[in-house]
2 protein chains.
Amino acid sequence: MKKQITELTGVKEIARRANVSIATVDRVLHNRKGVSEQTKEKISKIIEELNYKPNLLAQRLASRKTLRIATLIPESSNETSFWEAPLQGIEQADAEIKQLGIIVDKYFYDQNLIDSFVDQTRIILESKPDGILLAPSFIEESVVFTEKCRELKIPYVLIDSDLPNQGSLSYIGPNLYHSGYLGAHLVSYLTGPEDKTLIVNISREIDNHHHLLKKEEGFRAYFKDHHKPDNIIKIDIRETDLKSIEHQLSKVFEENNDIKVVFVTNSRVSTVAHFIESLGKDLILIGYDFLKENIGYMDKGVIDFLVCQKPKQQAYRGLMSLYQHLAFSSPVEKIYFMPIDILTKENSSFYRN
Amino acid sequence: MKKQITELTGVKEIARRANVSIATVDRVLHNRKGVSEQTKEKISKIIEELNYKPNLLAQRLASRKTLRIATLIPESSNETSFWEAPLQGIEQADAEIKQLGIIVDKYFYDQNLIDSFVDQTRIILESKPDGILLAPSFIEESVVFTEKCRELKIPYVLIDSDLPNQGSLSYIGPNLYHSGYLGAHLVSYLTGPEDKTLIVNISREIDNHHHLLKKEEGFRAYFKDHHKPDNIIKIDIRETDLKSIEHQLSKVFEENNDIKVVFVTNSRVSTVAHFIESLGKDLILIGYDFLKENIGYMDKGVIDFLVCQKPKQQAYRGLMSLYQHLAFSSPVEKIYFMPIDILTKENSSFYRN
DNA sequence: ACTATATTCGGGTACGTTAACGTATATAAA
DNA sequence: TTTATATACGTTAACGTACCCGAATATAGT
């Protein structure tokens, strides 16, 4: 004897009301073919009326297919540990959805080797994943890659930096311009009219240099917009080893002794901190990203502010929205700008990266 | 003919290996009685070996019981819209888990009427929910309530402010002391040795005044810890209407004309902003919370910084961890301090409350 | 030895959905 | 008309777990 505790909703109920079998209901739900226009309409109407929402549990359970998502981000090098955070985000998301029939394949490339990026994209495409999470450091190569994805109808989500007009499912990351703008806003509180500000870009040409340029652009725009004198000096350092950096910095400081604020446009601020500490001057130092090294210098009082954009969350969110999209075809925000967080010595210990 | 695509794990496999029925395995898994020591041990061993993890989807699907969670927070009044955000968080979580067999019952109390709080707690207890999310504004009454919850073995999560040592499942909210400490840190960047700072507490006695005191404590502690002269004036305003506030403020400013920074210890900073704007002085104003009114004054440049702790997230997280706990008995962080976010004119539009 | 009761266990249905497979009917081609 | 072929739809096993119900066996009481 079957006890029917059946809800008043669900495919069964729809089928009952429409006087058809659940299979037919299923067909219109997934608009597969094999249903006459007439019955299709009838069923659709009932679905509407009942405001039917499928039971996600049952859906995933019954659907035998396991989804595969590939992730491609830089490996964290000994030069910067920045990419540890996104990796953690990926791993957290992985842990949460693996029990739901999703497999996450992680791929990495060397930020200094374009070829490694291209290689990995090839391997990924061969594996034919259902979705891709991508940190597109190399712009041109990424464009090529994402075009192929679109051909193959593989949805992809970008994190950390955007490729405009490339039809990604979503971009999740910073608004670089505004984060620079914010940096300048902070600086404006901290400087008098005589003080000079030094902008430091540390990056090999090969990196996604535009990242830094966007920030600098925002930074300068602030002073322009507020009609403030921008006593700004700028230095581009193209060798990312400690020695070159210190060498170049000391040159700048010899030539300018009225620098009050130093604004470093990326996470390599800790090396600058190292230099400034040895300099012994009382400067204000602003940089980017919640890295152990940086926090260390902030706790010591060498770094004053860090601007940060939750890299771990970016990756986590990216994977999750990919999952939501693939598993339940739920809508995804096309652009999700991360909040621009300001870290100081006094709130960094509460920060969630 | 049954096609068995059976995994190598799952109750079926355990049953097969142990040479028993799945019902018996189920008994062991939920350690219900009705299994001999012998077979119990045998099964347990196999479970261990296979490192069996139940399929959460199937588990929830098969479990007929729907969980009920009650939430109790202040209603948002016309004096402050602060509690709109937590309510949004509750609603978002509700939307996400309602399809998973969870019912969320929302209750509200008037922050100015203790009785309304007590009434609601009584009603909640009568409804015998499986879990409770609570914003415990009234300390003593909340203690009484949570004690009853413990007697009835109903787990509860606290948000916004903590009841120490009350055996809650979790506290999710600010670390008030540190948020005050951070405020002082910001102030220290913005003041010279001669400048005075005004602390403004706006709150009826009936509110959870300790909230403000904790912040003030942290604020003062900063100056002490850093051996800075604390040119601090403080004012307690016990009438929360605009008129009283302006009256009291103007008195203070008449008596002190060297005030440089104003630190308001809660979200009512917008009323102070209104006053300061009319005053026409170039002061630095720091306050709390991402409210429309406050953001308005920040955009106008009257409020310089807002400290904020994601009230929406607090409620969302609280409900979700309650759900995770009840549905899957997953572990819950006992204390989850929210990040202490710094908002300025330039990053507020990217903020996620 | 025979009933009464407790203990231990298996069979089987249900949760809500998917999808393979089969059947009936309509339409077109011979 | 017969046969092929597409179209429309229904039946049913399966996903992995929960738990009711009853059967088999053991133990105790007379």
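A, B, ... follow the sequence lines: proteins, then strands. Residue 1 opens every chain.
Classified by interplanar angle (parallel below 30°, tilted 30° to 60°, perpendicular above 60°), the ring pair A:Tyr109/A:Phe117 is perpendicular. Classified by interplanar angle (parallel below 30°, tilted 30° to 60°, perpendicular above 60°), the ring pair A:Phe337/B:Phe350 is perpendicular.
Between B:Arg122 and B:Glu126 there is a salt bridge, with a side-chain nitrogen of the basic residue lying less than 4.0 Å from a carboxylate oxygen of the acidic one.
When the nucleotides D:dA18, C:dG10, C:dA19 are ranked by their closest atom to the side chain of A:Ala23, C:dA19 comes out on top. For A:Val11, the listed nucleotide lying nearest its side chain is C:dT17; candidates were D:dG10, C:dT17, D:dG16. In this structure, of C:dA19, D:dC15, D:dA18, it is C:dA19 that holds the atom nearest to the side chain of A:Arg32.
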* To do: Would you sort out whether A:Glu13 and A:Arg17 count as a salt bridge (charged side-chain N to carboxylate O under 4.0 Å, His left out), showing the intermediate values?
  => CA-CA 6 Å; A:Glu13 174 65 10; A:Arg17 295 204 192 193; 2.8 Å; yes
* Give the intermediate values and the outcome of side-chain hydrogen bond (donor to acceptor under 3.5 Å, both in side chains) for residues A:Tyr336 and A:Ser321. => CA-CA 11 Å; A:Tyr336 188 101; A:Ser321 39; over 6 Å; no
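Of the residues near DNA chain D, B:Leu57 and A:Thr24, the one whose nearest nucleotide (by heavy atom distance) lies more toward the 5' end is A:Thr24. Comparing A:His30 and B:Gly34 by the nucleotide of DNA chain C whose heavy atom lies nearest to each, the residue mapping closer to the 5' end is B:Gly34.
When the side-chain nitrogen and oxygen atoms of A:Gln59 are compared with OP1 and OP2 of C:dT18, one or more of them lie within a distance under 4.0 Å.
Atom CD1 in B:Ile14 sits about 11 Å away from atom P in D:dA18, given to the nearest Å. Between A:Lys12 atom NZ and C:dG16 atom C1' there is a gap of 6 Å when expressed in whole angstrom units. Nucleotide D:dC15 holds its C1' atom 14 Å from the CD1 atom of A:Ile102, rounded to whole Å. Regarding B:Arg60, its CZ atom lies at a distance of 15 Å from the C1' atom of D:dG16, rounded to whole Å. Taking atom CD1 on B:Ile22 and atom C1' on D:dA18, their separation rounds to 9 Å, with Å as the unit. Going from atom CZ of A:Arg16 over to atom P of C:dG16 covers 14 Å, rounded to whole Å. Here the P atom of nucleotide D:dG16 and the CG atom of B:Asn55 are 7 Å apart, to the nearest Å. For the pair A:Asn31 CG and D:dT7 P, the computed distance is 16 Å after rounding to whole Å.
Counting non-hydrogen atoms under 4.0 angstrom, A:Leu29 reaches nothing in the nucleic acid. At the heavy-atom level, B:Asp26 lies under 4.0 Å from base atoms of the strands shown. Within the 4.0 angstrom heavy-atom criterion, base atoms lie near B:Arg27.
If you check residues 35-49 of chain B against DNA chain C, the residues with a heavy atom closer than 4.0 Å are B:Val35, B:Ser36, B:Thr39, listed by number.
For A:Glu49, the CD atom is densely surrounded, since the number of other residues' heavy atoms within 6.0 Å is greater than 12. For B:Glu41, the CD atom counts as loosely surrounded, since its 6.0 Å shell holds 12 or fewer non-hydrogen atoms of other residues, nucleotides or ligands.
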